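Positions are given from 1 along the sequence. From a predicted model like this one, the values you see are computed outputs, not experimental measurements.
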Amino acid sequence: MSIRAWQVQQLGEAADVLTLVDAPEPTPGPGQVRVRVRASAVNFADTLLCKGEYRVRPDPPFVPGMEVCGDVLEVGADVTHVAVGDRVLGGTALPHGGYASECLMEGARTFPAPAGLDDAASAALMISYQTGWFGLHRRAALREGETLLVHAASGGVGSAAVQLGKAAGARVIGVVGGADKVEIAERLGCDVVIDRKVEDIITRVKEVTDGRGADVVYDPVGGPSYTASTKCIAFEGRIVVVGFASGRIPEPRLNHAMVKNYSILGLHLWLYEQHEPESMRACHADLVRLADAGQIEPLVAERFDFEEVPAALTRIAGGSSTGRIVVTASA
């Protein structure tokens, strides 16, 4: 049997190197799951995969697509927590990624899909929300009543942190770039929204916190966003470093952290899978609870047809998208 798949034939820009092909049906190895893809979430990391610039570098030809929702067709040896017919979400097993009619998933990253979310939202749940959950609860120990500052609050990673912060009882300040994104952040539940294009982040945060600053900062941007955070962080505040979407990796001034009594916390999600796999299952169970209670729901801002995968990757590479982009299943 063959499947339809978008294959990277050689490394380069996604729009230039992706080709729609008929490929052999993948076979799950030990600890893997074969699924019929319902929807694939689009991640910026997929564009890096196509260029050979991601931390995982499969040799061409390969199929990108790191995050899916689908139906289990077959399970490999040692997989007992899901069964054929289950609707699941999670992370793919490269080189058999999610931009295909069928893909392989890593069993350790395969979870039941919440009944309360549709396929597109389920496909977008794992990476953003697990990152947010571990960042806010395990790394920063966010407490009810604290002030949480979220950079890029209307984006896929930031919007998840906003919702999780609100679900935890925090007061959430969202930072966005542009009037159109202000409205999105407000709809997500931000108590205060700062448009960094027309407002000074430091001044505004101090103003709305009566000079105290933010207790927790969630920063997937880096660069000037990180620098601004250090100047409006509260006593015993915590800055969670999630990524560097700005393209600039900041160099922390440790003397500044010392004299202001704040913590800088790194977060690498997959280390929990390596060191504490049971914590990944606990995290997902809590996310399902929150989703079924209507407290979290991935912001799926754009949907592309399967035939439009190169366009979807070009869109996310442009850096101006909001929420999550999802590719719907092949016919």
Side-chain angles (χ1 to χ4, degrees), residues 44 124-125 127-197 199-209 212-234 237-246 250 262-267 269 287 290 295-299 301 319-324:
F44 183 74
L125 183 69
I127 294 176
S128 294
Y129 283 83
Q130 287 188 354
T131 300
W133 192 92
F134 278 101
L136 297 180
H137 296 302
R138 285 293 299 268
R139 300 300 285 138
L142 179 68
R143 296 184 289 270
E144 183 177 359
E146 288 192 314
T147 297
L148 168 66
L149 175 65
V150 179
H151 290 286
S154 66
V157 175
S159 61
V162 169
Q163 293 181 352
L164 288 167
K166 291 299 295 181
R171 183 192 188 201
V172 179
I173 302 172
V175 178
V176 299
D180 55 331
K181 296 180 179 181
V182 169
E183 182 181 351
I184 293 170
E186 289 174 342
R187 282 194 280 115
L188 285 166
C190 288
D191 299 282
V192 177
V193 181
I194 301 171
D195 183 351
R196 59 176 172 78
K197 292 189 174 182
E199 298 178 279
D200 180 72
I201 296 172
I202 302 164
T203 301
R204 189 77 175 111
V205 170
K206 289 183 177 180
E207 178 183 294
V208 300
T209 60
R212 172 178 168 76
D215 298 293
V216 175
V217 175
Y218 191 81
D219 182 15
V221 179
S225 296
Y226 173 85
T227 302
S229 300
T230 65
K231 297 178 180 179
C232 59
I233 188 74
R238 293 87 77 197
I239 300 175
V240 185
V241 179
V242 183
F244 312 105
S246 68
Y262 64 85
S263 301
I264 305 163
L265 305 169
L267 175 62
L269 176 63
L287 294 179
L290 292 170
Q295 292 185 277
I296 62 171
E297 180 178 356
L299 174 62
S320 62
S321 59
T322 58
R324 297 302 304 272

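Remark: the backbone N or O of G178 is paired with a side-chain donor or acceptor of D195 at under 3.5 angstrom. Between the side chain of R139 and the main chain of G266, a donor-acceptor pair closer than 3.5 Å is present. Side-chain atoms of R204 do not come within 3.5 Å of backbone N or O of I194 as any donor-acceptor pair. S246 contributes a side-chain N or O that, together with a main-chain N or O of V221, makes up a donor-acceptor pair within less than 3.5 Å. In this structure a side-chain-to-backbone donor-acceptor pair under 3.5 Å is missing from Q163 to L188. Between the side chain of D219 and the main chain of V241, no donor-acceptor pair closer than 3.5 Å is present.
The minimum heavy-atom distance between P298 and A124, with the atom names listed, is CB-CB, 4.0 Å. Summarising the geometry of P220 relative to V242, their closest heavy-atom pair is CA-CB, 4.0 Å, with the distance given to 0.1 Å. Listed here is the closest heavy atom pair of I202 and A228: CG1-O, 3.7 Å. Minimum interatomic distance between S128 and A160 (heavy atoms only, all atoms of both residues): O-CB, 3.7 Å. Across all their heavy atoms, L164 and W133 have their closest contact at CD1-N, 3.5 Å. In this structure, C232 and L149 approach most closely via the heavy-atom pair SG-CD2, 4.2 Å.
Checked against Y262 for a side chain to side chain contact (heavy atoms under 4.5 Å, CB included), the options V217, D215, I233 give a single hit: I233.
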Mind running side chain to side chain contact (heavy atoms under 4.5 Å, CB included) on R143 and V216 for me, showing each step along the way? CA-CA 9 Å; R143 296 184 289 270; V216 175; over 6 Å; no
Go through it in stages, so that I can follow the logic: the residues are V176 and I184, the test is side chain to side chain contact (heavy atoms under 4.5 Å, CB included), and I'd like the CA-CA distance, side-chain angles, deciding distance and then a yes or no. CA-CA 9 Å; V176 299; I184 293 170; over 6 Å; no
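By the 4.5 Å heavy-atom criterion applied to side chains, E199 and E207 are not counted as neighbours. At a threshold of 4.5 Å between non-hydrogen side-chain atoms, the residues I173 and T209 count as touching. Counting heavy atoms from C-beta outward, R212 and T147 have side chains that stay 4.5 Å or more apart. Counting heavy atoms from C-beta on, the side chains of S229 and H151 come closer than 4.5 Å. A heavy-atom distance below 4.5 Å is found between the side chains of T131 and Y218. Looking only at side-chain heavy atoms (C-beta outward), V205 and V175 stay at 4.5 Å or farther from each other.
Atom OG of S154 is separated from atom CG of D180 by 7.5 Å, given to the nearest 0.5 angstrom. Once rounded to the nearest 0.5 Å, the distance linking CD1 of I239 with OH of Y226 reads 5.0 Å. The CD atom of Q295 lies 11.5 Å from the CG atom of L287; values are rounded to the nearest 0.5 Å. Taken to the nearest 0.5 Å, the CD1 atom of I264 stands 8.5 Å off from the OG1 atom of T230.
A 6.0 Å sphere centred on CD of E183 holds no more than 12 heavy atoms belonging to other residues, nucleotides or ligands.
Between K166 and D191 a salt bridge is recorded (basic side-chain N to carboxylate O distance below 4.0 Å).
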